[in-house]
Amino acid sequence: MQIRIWTVVDRFLDKPVSFVNPAGFYPDALRKNNTVTVKPDMTERFWITVRTPENMKKGIYKGEIILTGKNFRKNIPLTVKVRNFSLPHIGTFQVDAGLWEQFIMPVYQISSRDEFAEFIYKNWDFMSEYRISPRQQPHLIPDNGNSLKLSENYKNFVSGFEKYGFNYLNLPGAEFQKKNTDFYQRLNNYVKSNPFVKKYGLIYYADEPWGKDTKIKLAAQLQNIKKNAPDVKFMVTCPPDDILKNLVDIYCIPMTELTPDIIEKIKVFRREGSKFFGYLNTIQFSVDGAPMPLRLFFMRHFDLGFTGSLFWCMTYWKQKFNDNIPLLDPQNFSASDLKNFGTDGQLLYPGKDGF
């Protein structure tokens, strides 16, 4: 059994970089730090990861973590329950828990998308351990034939997703809507030639297209594209709609839209072959938050037959528009503070009353 302890550290920006990244503290899960000196009256946070080998016998194992210092010793009991199964390398339930470059780059002083790609590669292990799928769209370019290939800077993405066990691969979305028929056909050939991309790749094509007129326009776009890219899967963030029938492969439904009539429509569309993701737009994954809503979120997924979940961005580090409340030090952050922040997309460590 392997136990790893990291110090949870923060990155501090002393001056605003942009509205998205004002001055303040930012949780820095990606910075690994195993050495720390804790001074008197000082609070520190630690991230403990326990790994068991694949051939370990099932059962309950007990041990302890020992903290020592000058005239100080603290024994923390540790109990690990090992079950008689192991999780698959690539999970059957798709999860998009994404990192977005526009929020990360200012905090980590990254100046180009090439540098951001290198940043992602350096953190493959960390992200795969916690199934954080980097929603970085691979740039596709024509090859010498009639297909597409990954551009040089992003050539490692598909092999990386496969190696590290991710199961949500973004294909070009917004830029895809601006392409011509030739591009659709090339992309389709690329998808057909790569079994991993065909199974897990999809296009996040439209985000919350509300209103009948908007959906009619969207349906016309998808009708044209699907003729030329029948092997490509398209996801739209909205409840199932007759206007879009047979054009959307995956409906990603905001959880606030799950009214009784929508639930009945989901059942009808599922019987006809549509798939569904849940869109996290009401629950904050705060460690010190109420546990029941977090359990209900995934129980609802299971009950409705959803095959995936979208947590659109874990690094949405910013305040609400026109909100003058300053950012809080994460060490003093609690779930009750969420009402003051634009927190759709923050994954938080416990506050001062946590462990």
Side-chain angles (χ1 to χ4, degrees), residues 92 94-96 98 133 135-143 145-151 154 157-158 161 166-254 257 262 265-279 304-310 312:
T92 55
Q94 286 188 275
V95 177
D96 173 21
S133 176
R135 199 188 301 130
Q136 173 74 354
Q137 295 178 356
H139 283 193
L140 298 169
I141 58 176
D143 61 14
N146 61 351
S147 186
L148 294 165
K149 64 180 180 181
L150 289 171
S151 64
Y154 295 88
F157 261 87
V158 170
F161 272 57
F166 296 126
N167 61 10
Y168 181 101
L169 177 67
N170 248 32
L171 291 169
E175 67 177 79
F176 190 86
Q177 300 179 32
K178 305 171 186 176
K179 299 297 183 180
N180 56 28
T181 299
D182 178 65
F183 182 87
Y184 306 153
Q185 294 171 346
R186 286 174 178 268
L187 180 61
N188 197 70
N189 290 335
Y190 168 77
V191 170
K192 283 200 304 182
S193 68
N194 191 308
F196 180 84
V197 177
K198 186 172 182 178
K199 184 172 183 178
Y200 297 111
L202 57 86
I203 290 178
Y204 190 156
Y205 189 78
D207 185 50
E208 300 184 9
W210 305 124
K212 182 176 179 180
D213 291 342
T214 301
K215 289 176 181 174
I216 290 174
K217 182 179 179 181
L218 176 61
Q221 293 175 351
L222 287 172
Q223 283 175 344
N224 177 48
I225 293 172
K226 294 288 278 186
K227 291 177 184 177
N228 297 286
D231 294 286
V232 179
K233 293 193 286 287
F234 294 84
M235 182 171 72
V236 174
T237 306
C238 74
D241 195 292
D242 292 331
I243 297 173
L244 302 172
K245 185 169 284 191
N246 301 321
L247 296 172
V248 174
D249 299 284
I250 298 172
Y251 288 94
C252 186
I253 304 181
E257 300 296 315
I262 293 298
K265 205 154 198 174
I266 288 172
K267 295 176 182 178
V268 173
F269 274 60
R270 277 188 62 203
R271 288 196 293 267
E272 296 175 353
S274 296
K275 295 184 180 298
F276 294 88
F277 280 21
Y279 179 17
L304 295 174
F306 288 4
T307 59
S309 180
L310 183 89
W312 78 274

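No donor-acceptor pair under 3.5 Å is formed between the side chain of Lys275 and the backbone N or O of Gly305. In this structure, the side chain of Lys233 engages the main chain of Lys199 through a donor-acceptor pair within 3.5 Å.
For the atom pair CZ of Phe234 and CG of Leu244, the computed distance is 13.0 Å after rounding to the nearest 0.5 Å. Taken to the nearest 0.5 Å, the CD atom of Glu272 stands 7.0 Å off from the CG atom of Asn246. Taken to the nearest 0.5 Å, the OH atom of Tyr251 stands 11.0 Å off from the CD1 atom of Ile266. Separating the NZ atom in Lys215 from the CG atom in Asp241 is a distance of 4.0 Å, to the nearest 0.5 Å. Taken from CG in Leu187 to CG in Leu171, the straight-line distance is 5.5 Å, to the nearest 0.5 Å. Note that NZ of Lys226 and CG of Asp231 are 9.0 Å apart. Values are rounded to the nearest 0.5 Å.
For Asp207, the side-chain hydrogen bond (donor to acceptor under 3.5 Å, both in side chains) partners are Tyr204, not counting sequence neighbours.
Here the shortest heavy-atom pairing between Gln223 and Lys227 reads O-CG, 3.2 Å. Between Asn170 and Tyr168, the shortest heavy-atom distance links the atoms OD1-CE2, 3.0 Å. Closest heavy-atom contact between Pro240 and Lys265: O-CD, 3.8 Å. Residues Phe306 and Gly278 approach most closely at CD2-N, 3.5 Å, considering heavy atoms. Here the closest heavy-atom approach between residue Phe276 and residue Ile253 is recorded as CD2-CD1, 3.5 Å.
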Problem set entry | Derivation of the side-chain contact (heavy atoms from CB on, under 4.5 Å) call for Phe269 and Asp242 | CA-CA 9 Å; Phe269 274 60; Asp242 292 331; 3.7 Å; yes
For this session: Could you walk me through whether Tyr184 and Asn224 pass side-chain contact (heavy atoms from CB on, under 4.5 Å), step by step?
Result: CA-CA 10 Å; Tyr184 306 153; Asn224 177 48; 3.9 Å; yes
For this session: Test side-chain contact (heavy atoms from CB on, under 4.5 Å) on Asp249 and Leu202 and set out the steps.
Result: CA-CA 9 Å; Asp249 299 284; Leu202 57 86; over 6 Å; no
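Contact annotation: the side chain of Val95 never approaches that of Phe166 to less than 4.5 Å [non-hydrogen atoms, C-beta and beyond]. Contact of the Phe277 side chain with the Asp96 side chain is not registered, since no non-hydrogen atoms from C-beta on lie closer than 4.5 Å. Between Ser274 and Val248, every side-chain heavy-atom pair lies at or beyond the 4.5 Å cut-off.
Looking only at atom types and distance, the side chain of Gln185 has a donor-acceptor partner in the side chain of Asn228 under 3.5 Å away.
Taking 4.0 Å as the cut-off between side-chain N and carboxylate O, Arg186 and Asp182 count as a salt-bridged pair.
Here Phe161 and Tyr200 keep their ring centres 6.0 angstrom or further from each other.
Heavy-atom neighbours of Lys217 NZ from other residues, nucleotides or ligands within 6.0 Å: at or below the threshold of 12.
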